[in-house]
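Okay, structure first, notes after.
No hydrogens, no waters, no symmetry mates; every other heavy atom, side chains included, goes into these values. Per chain, numbering begins at 1; letters A, B, ... match sequence-line order.
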2 protein chains.
Amino acid sequence: MEKVTMADVAKAAGVSKSTVSQYLNNRFEYMGEKTKQKIEEAIQTLGYQPNYIARSLKQKRTSMVGIIVANIMHYFSTEVSRAIEDFFHQHDLHAIVCNADDDPEKEKKYIEMLRAKQVDGLIIFPTGQNNELYESMMKQDYPVVFMDRKVQNLPVFSIVTNNQESTYRAIQQFVKKGHQRIAFAVQPLKVSTRTERFEGYQQAMRDAGIEINPDYIIESDILGMSHKLEKLFSLEERPTAIFAGNDRVFLEVVKCLKDKGIKVGKDIELVVFDNIPFAQVVETPITFIVQPATEMGTKAAELLFEQINKVERKPEEFVFPSKLV
Amino acid sequence: MEKVTMADVAKAAGVSKSTVSQYLNNRFEYMGEKTKQKIEEAIQTLGYQPNYIARSLKQKRTSMVGIIVANIMHYFSTEVSRAIEDFFHQHDLHAIVCNADDDPEKEKKYIEMLRAKQVDGLIIFPTGQNNELYESMMKQDYPVVFMDRKVQNLPVFSIVTNNQESTYRAIQQFVKKGHQRIAFAVQPLKVSTRTERFEGYQQAMRDAGIEINPDYIIESDILGMSHKLEKLFSLEERPTAIFAGNDRVFLEVVKCLKDKGIKVGKDIELVVFDNIPFAQVVETPITFIVQPATEMGTKAAELLFEQINKVERKPEEFVFPSKLV
DNA sequence: TTGAAAGCGCTAACAG
DNA sequence: CTGTTAGCGCTTTCAA
């Protein structure tokens, strides 16, 4: 059981291995009807299952692509991954999702592992700290698409959103409503998404002629964030509005506000970059900056698919608009 | 570039392929120090990357396991998958996540695909409609662990939670608070999780001497659910409490309540089976039945790992307790 | 301590 | 239309 190989099928059907191979690859053009039937039957009775590994070794394609997400705990990552998987599933490829946990070392390890496994291409949410590695893949013309975050000085395909602009508009909206004490909470400014959002904030404040209070800028990893937020909300002059850099930051902010008994919508206004499924349907008035995750994922998949199929195309950056909701 | 193979390394180092292979597999026991160095150097300068596919073909192990989730949109699935991945990552295996979308056909396709890819084992959130297939895997002693849902009449490893009991307690809590008109919303009762939760509900109602009003039982897929909920909440005698079968049902319920202007905690009480990250930190008083997702995932991974490594053990069902929060 | 040789299961010319 | 042959890149006895 289970060790039935193509040779067994061939023998059972009274043909040669190559004929069976033809059959399996749907090259029926020159195949006799009776041969076809015999093979079919042999496969049935033997319960034959082709071994894709052997095929891959020969064809040098595995029909697998890798997705390396920066952090799987973001809802955005899930949505994007799902779109990518859907696309590839329709094209008979499969996607492996790996989680780099925002760790450049882990990212490197996964890239190497996936390449050793001969995956046909990679979609990466880059940590941005592995430039040499990214570069070497480019040099070898290995199919890669970068997602969400930009990489420096490299001609690559990438899919991003207009972080700066939409943050700018969100802050502008706060200002229009009369807010002056606007806080900004974000994880360490090491990746383009965060710096761009921060620039949007700064620009909007500048344009509104509001001086930025350094106390209102919270830059911290998730672990340390609640502590800093606690200090922020204990200030004499508490902010009246706050921008949360993504869904995880948002959770910290909401937790902290709850602890301090500060009511969202009443005592403070809140905007968050990213979609939070449940928050969307709840009474609490929160503004979301929503990225078109599905479209972004699909586009990335398409671009990767093209590269895998050797379609010529110059590397390009695709900017998708996020929207205030 | 990139086509550098073991033979190249061997040549560059002036040794044979088998010696290089020994080196790569850390069998240094009988290897000369200078040979080792030469190989090391050759690998460096050539930028050699071993081809795992070729290795797998020979060794008949891929160091990959498959996870087939019933529906990736559940937060529970994400948490479990993450725990599984973590475990295998620590043991140098990799996990491929596939989404069956609650479709038995898709489940079957994925099982076959993953086996054709020669993955070393499978963790399945079963649809329950592919018994013959499950059975054939058991017969072949193929490593499998079932997660979340039970399969019928088969000696298998499975990880589940005490659905009936915790639902019972949740309903009992409602009753204690004086509720009589308790609704129950769930997706089609085709899998053990849902039927068990439903039994818990029925039992609790029975024990409390409350007659079940069939109008209060909403059984529907997600698409049709909002319509049925709309009718439910338009009843003369509206329920004063409702049980949502999982996170997606919960979202539908909350949406509908919002539309109808019914306030959770004031006009109606709400319990949901599963963890909803954001809802947990919000003011709205909601009761959650939380499953120990991480522990469940880790246990599943351990059991699969044992099977892969041919540790003898009788199939068994592991029940994890979920808790009201 | 190292090398030669024989595959793993499949595909892809090329003959016939 | 079908069979023969030669590998894909690696591991693994078995000799030397």
Side-chain angles (χ1 to χ4, degrees), chain A residues 1-43 46-64 92 112-113 115-120, chain B residues 1-40 42-43 46-64 112-113 115-120:
Chain A
M1 202 116 185
E2 176 46 324
K3 47 202 329 139
V4 31
T5 164
M6 222 169 69
D8 301 320
V9 177
K11 205 186 305 162
V15 300
S16 81
K17 280 199 305 174
S18 28
T19 308
V20 178
S21 175
Q22 305 282 34
Y23 172 87
L24 288 171
N25 291 287
N26 299 309
R27 284 193 253 292
F28 305 121
E29 297 114 46
Y30 307 111
M31 189 176 297
E33 188 57 35
K34 56 285 189 70
T35 330
K36 196 165 146 184
Q37 303 232 327
K38 279 191 299 182
I39 296 177
E40 200 144 330
E41 202 184 302
I43 290 181
L46 295 180
Y48 168 70
Q49 300 268 146
N51 180 334
Y52 286 14
I53 290 286
R55 167 186 297 189
S56 298
L57 179 58
K58 185 69 187 180
Q59 291 187 160
K60 292 150 181 286
R61 333 183 305 109
T62 52
S63 300
M64 297 195 298
D92 283 314
E112 284 170 350
M113 177 295 269
R115 297 212 49 192
K117 283 215 191 310
Q118 314 295 116
V119 302
D120 298 338
Chain B
M1 200 117 186
E2 175 43 327
K3 47 207 324 142
V4 30
T5 165
M6 223 169 68
D8 301 321
V9 177
K11 206 185 304 165
V15 300
S16 81
K17 282 198 304 173
S18 25
T19 308
V20 179
S21 174
Q22 306 282 33
Y23 172 88
L24 288 171
N25 291 287
N26 299 310
R27 284 193 253 292
F28 305 120
E29 297 114 47
Y30 307 112
M31 189 176 298
E33 188 58 36
K34 56 283 190 71
T35 329
K36 197 164 146 184
Q37 302 232 327
K38 280 190 299 181
I39 295 177
E40 201 145 330
I43 288 180
L46 294 180
Y48 168 70
Q49 299 268 146
N51 179 336
Y52 286 13
I53 290 286
R55 167 186 297 189
S56 297
L57 180 59
K58 186 70 186 179
Q59 291 188 162
K60 291 150 183 285
R61 333 183 307 106
T62 53
S63 299
M64 298 194 297
E112 284 170 352
M113 179 292 271
R115 299 213 47 193
K117 283 216 192 308
Q118 314 295 115
V119 302
D120 298 339

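Protein atom CG of Asn51(A) is 17 Å distant from nucleotide atom P of dC10(D), rounded to whole Å. Look at CD1 on Ile39(B): it is 10 Å from C1' on dT2(C), rounded to the nearest Å. Between Arg55(B) atom CZ and dT11(D) atom P the separation is 5 Å, expressed in whole Å. In this structure, the CG atom of Asn26(B) is 13 Å from the P atom of dT12(D), given to the nearest Å. Note: OH (Tyr52(A)) to P (dT11(C)) measures 10 Å, nearest angstrom. Whole-Å rounding puts the Lys11(B) NZ to dG9(D) P distance at 13 Å. Put simply, CG on Asn25(A) is 16 Å from C1' on dT2(D), counting in whole angstrom units. Separating the NZ atom of Lys60(B) from the C1' atom of dG9(C) is a distance of 8 Å, rounded to the nearest angstrom.
Val4(B) and Tyr48(B) get closest at one heavy-atom pair: O-CD1, 3.4 Å. Contact record, Leu24(B) with Ile43(B): CD2-CD1, 4.1 Å, taken as the closest heavy-atom pair.
Contact annotation: Ser16(A) side-chain N/O to dG3(D) OP1/OP2 distance is under 4.0 Å. Put simply, Thr19(B) has no side-chain N or O that comes within less than 4.0 Å of OP1 or OP2 on dT2(C). Between Lys36(B) and dT1(C), a side-chain N or O to OP1/OP2 separation shorter than 4.0 Å is absent.
In this structure a side-chain-to-backbone donor-acceptor pair under 3.5 Å is present from Asn51(A) to Ile53(A). A donor-acceptor distance shorter than 3.5 angstrom exists from the side chain of Ser56(B) to the backbone of Tyr52(B), with no hydrogens or angles considered.
Side-chain proximity of Leu57(B) to the nucleotides dC10(C), dC8(C), dC8(D) is greatest for dC8(C). The listed nucleotides are dC10(C), dC10(D), dG3(C); the one nearest the side chain of Met6(B) is dC10(D). Taking only side-chain atoms of Lys58(B), from C-beta outward, the nucleotide of dA6(C), dT2(D), dG3(C) with the closest atom is dA6(C). Minimum atom distance to the side chain of Ser18(B) is reached by dA5(C), of the listed dA12(C), dC1(D), dA5(C).
When heavy atoms are screened at a 4.0 angstrom cut-off, Tyr23(A) is found touching no nucleic acid atom at all. Residue Arg61(A) is out of contact with every strand shown, counting any heavy-atom pair closer than 4.0 Å. Residue Val20(A) is classed as having no contact, given no heavy-atom separation below 4.0 Å to the nucleic acid. In this structure, Lys17(B) reaches the bases: a heavy-atom distance under 4.0 Å links it to at least one base atom across the strands shown.
By the neighbour-count criterion of 12 heavy atoms within 6.0 Å, atom NZ of Lys38(B) is densely surrounded, having more than that number from other residues, nucleotides or ligands.
Each of Gln59(A) and Thr35(A) was assigned the nucleotide of DNA chain D with the nearest heavy atom; the assignment lying further toward the 5' end belongs to Thr35(A).
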